[in-house]
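Below: the structure, in structure tokens.
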Amino acid sequence: MRAAHSAARTAAVLAIVWGLQACGASELPPKSGIRFTDATRESGLAFVTTSGATPSTQILEVKGGGVALIDRDQDGDLDVFVPNGATMADPEHGPGCRLFDNTGGLRFRDATAAAGLDLRRWGIGVAVGDADSDGHDDLYVTCYGPNALLLNEGGRFDEVTERAGVGGDVWSAAAAFGDLDLDGDLDLYVANYLRFDIAHPPPISSFKGAPVFLGPIGLPPEPDVLYENRGDGTFRDISEASGCRAVAPAFGLGTVILDFDLDGKQDIYVGNDSMPNFLFLNQGGLCFRENGMRSGIAVNVDGAAQSTMGIAIGDVGGDGLPSVFTTNFSNDTNTLHVNRGNGFFDDLTRRFGLGMVSFPYVGWAAGFYDLEHDGDEDLLLFNGHVYPNATLERMDSEYEEPPLLYERDGARFVHVARPSPCLAEKHCDRGAAFGDLDLDGDVDVVVSELNGPLRVLRNEANAPGWLIVELAPAALGSKVELFAGGGRQTRWIYSGGSFVSASAQVAHFGLRRGTRTVDVVVTWPDGKRRRLDGVAADQRLVVRRE
Amino acid sequence: MSFTGARLGPARRFSIALLLSSSIGCGAEPAAPAPAVRLAPELRGAAKAIEEKRYEAGRALAQAFLAAHPQDGQAQYFIGLSYYWTGNYGAARPWLERALERAPDLWFAHDFLGYSLFLLGELGAARREYEAYLAAAPGDPKGHYGLGLIDLDETNLDAAAERFRRAIELFEELARKDPAQAATRQPELAECHARLGEVHFARGEYEAARAELLRATEIAPGNISAFYTLSLVHRRLGEEELADQAAGRYESARQALIARQRAGNE
């Protein structure tokens, strides 16, 4: 196009043309060692999710749903749970949730009925945790309407929502388990979204001049809920007493429970849509103080409240501190808040190379994982717009968008502009869960597309140089450090994050080439530590609390 | 939504004035004067409508003219501007690109195209547009500011600081030579100080950051971003009371913005 310039062009414009040609050669995207293939077809995981109608007409329909990886039958591999939604015509009787058993070799079989699951409400998010401390991971499903606590009784699930007292009756998005009072059982935080009346849907709004559904701005936000686990199969709503209701209600879409300020107590981070995010610091005694704005994690570097959807936790600074990456709406960047360890977080999105590349994308699920086993964590996130009429010309974004893959390269993340074909395809993705599905040591992904088929993305790292640390019993909020070659890597085992999904609750490490043995230190939430020296690489290491 | 729109975008009146008059109109005298541009009389209506924020009307007038003169770069420019000012940068981009192809004398379009490309995440292309703008108008602060933004995003902090400092110097020159115009461009100057403060903050140079951010908030009390960063800087310096004051000003400005957004139903 520019080469067609006439000879009459000014020297200034010709300089631009030359500049373009010169830069073209030098801007070839770098090749990446990260390789994925789409294994959906052969996996047998054939399922199309439901979340309202296509095309979406109201905000209720566009959030899609999450995915959970859970070893429900304790056979050593990860099964797949999908909450699944419903439609506005019959929100309480959707097609129902699904559970797919992992039968090995990255193949799955529908085991919904065998697992006793028949949840047909409008499910959205899912959290995994051993709510009744019986050694089996349970499921908590957030819904439009009452949420559901599904206790795993050795492979079959029983819904105990009413008895446990954790139902609610609003639109909940995300949930996370964590032992907030260090009494040995898991408490529960539920991030609620907004009040939406199906019988009286809101009027049409506009975005960049185009007609769109209204929300979240313009609709009333729902306050979140914090439940204390009484340890007797019931929970107590302590939202008010804990101080979590001291803040104005917000449009909660994501949450993670972890010790962010390193004081030995589990804190609660909440990602809010179009409002500042919350950081509830645990003061002890199940009392919390919201400190997001003071600590610098509530908004981005411009002071702008973002539309936080997804959350990923990683030690990006290599100093053992949990930093927080959030995915956001289009016409905005995703954001990396780096934990400074002194109670402050800095928005270092740009410094880590994660800035304007993400500007056209509506981001959802995200995760930091060492995808090619080179000793540092990469970043993979999934995108897709909410407005079916989104086009580049109308909204600077397309409705279907490809994932964004960043490979860690020294101090920065480098956008992989030429990823594997399955990571270049455009979709309208929402939730994703990360974990080693085929037990080959690398991290695979199950992705949930809005009103689309689940996708199984197989990591083709096929390379030695990994270690997976599993705690027995599972201990959410634990820290796992790996020492090798003078370096340290840190992972946290936590509930929440990605987008309304539950990834494998293990610590996955990639190792630098040639690493044969490593030292591992596990720190449980109550501060108890266990050190294992000379651990061989390329294995799943189960660490028991002594 | 981000406050990105609060960054120093090209000024609306400036974009029109360059065509309505035959003057260069960019304030400080360029080292190498950029060519004057005269507006086609038939497009005065489109220009006026866009200046008055009647974007659809302006676009329709420009499109009508373009239908009769398919090669006209000025009409394409106004169509691009009508999208730009409504925040449709993806829509503005092809019109601005075509405008520059067909009317390379519209040098100021490089600024709009550069900023559009920046917001579309195409930093390399944005840089080229700002360099072209700077080549045409080396005395205007915007070129340096735009390149500073890109350097900031690419973490070239030294280069970014140099760009913002140069932009501030040019605003100071403008104040000496054309106080009236400089007065109307105070928010842009404040934005340059705010971004320079951000560079210092990123480097951990909190005293220097505080000085720049205080200057930004003095010049433009509506600069939300500057108040926010200033609150963080005060807190890092242990100035809790000042931090709370800045945070209060930030929160007031943020709530005002939310009220405006709700009124606009966006």
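Every chain is numbered from 1 and lettered A, B, ... according to where its sequence line falls, protein lines coming before strand lines.
Contact between A:D396 and B:G87 at its shortest, heavy atoms only, is OD2-O, 3.4 Å. Residues A:A305 and B:R254 share a closest heavy-atom pair of CB-NH1, 4.0 Å. Closest non-hydrogen pair, A:M356 versus B:L123, comes out as CB-CD2, 3.8 Å. Of all heavy-atom pairs between A:N300 and B:Y228, the closest is O-CE2, 3.2 Å. Closest non-hydrogen pair, B:L120 versus A:P360, comes out as O-CG, 3.5 Å.
Residues satisfying the ring-ring contact (aromatic ring centres under 6.0 Å, His included) test with A:F413, not counting sequence neighbours, are A:F368. Not counting sequence neighbours, the partners of B:F201 by the ring-ring contact (aromatic ring centres under 6.0 Å, His included) test are B:Y206.
With a 4.5 Å cut-off on non-hydrogen atoms, B:A202 touches chain A through its backbone and its side chain both. With a threshold of 4.5 angstrom between heavy atoms, B:N156 does not approach chain A through any atom at all. Heavy atoms of A:V212 lying under 4.5 Å from chain B are absent altogether. If you measure heavy-atom distances from B:E56 to chain A, you find no contacts under 4.5 Å at all.
Within the 3.5 Å criterion, the main-chain N or O of A:G355 finds no donor-acceptor partner in the side chain of B:D153. A donor-acceptor pair under 3.5 Å is formed between the side chain of B:T155 and the backbone N or O of A:R350.
With a 6.0 Å cutoff to the six-membered ring centre and a 45° limit on the axis angle, B:R235 does not count as a cation-pi contact of A:F344.
The number of heavy-atom neighbours closer than 6.0 Å to CD of B:E241, taken from other residues, nucleotides and ligands shown, is 12 or below.
In this structure, the separation between CZ on A:R351 and CG on B:L157 is 6.0 Å, given to the nearest 0.5 Å. To the nearest 0.5 Å, atoms CG (A:N342) and CZ (B:R236) are separated by 6.5 Å.
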- Item | side chain to side chain contact (heavy atoms under 4.5 Å, CB included) evaluation trace for B:Y89 with A:K208 | CA-CA 10 Å; B:Y89 303 104; A:K208 290 181 180 277; 4.3 Å; yes
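Residues B:E154 and A:R412 are not paired through a salt bridge, judged by the lack of any N-O separation under 4.0 Å between the basic side chain and the carboxylate.
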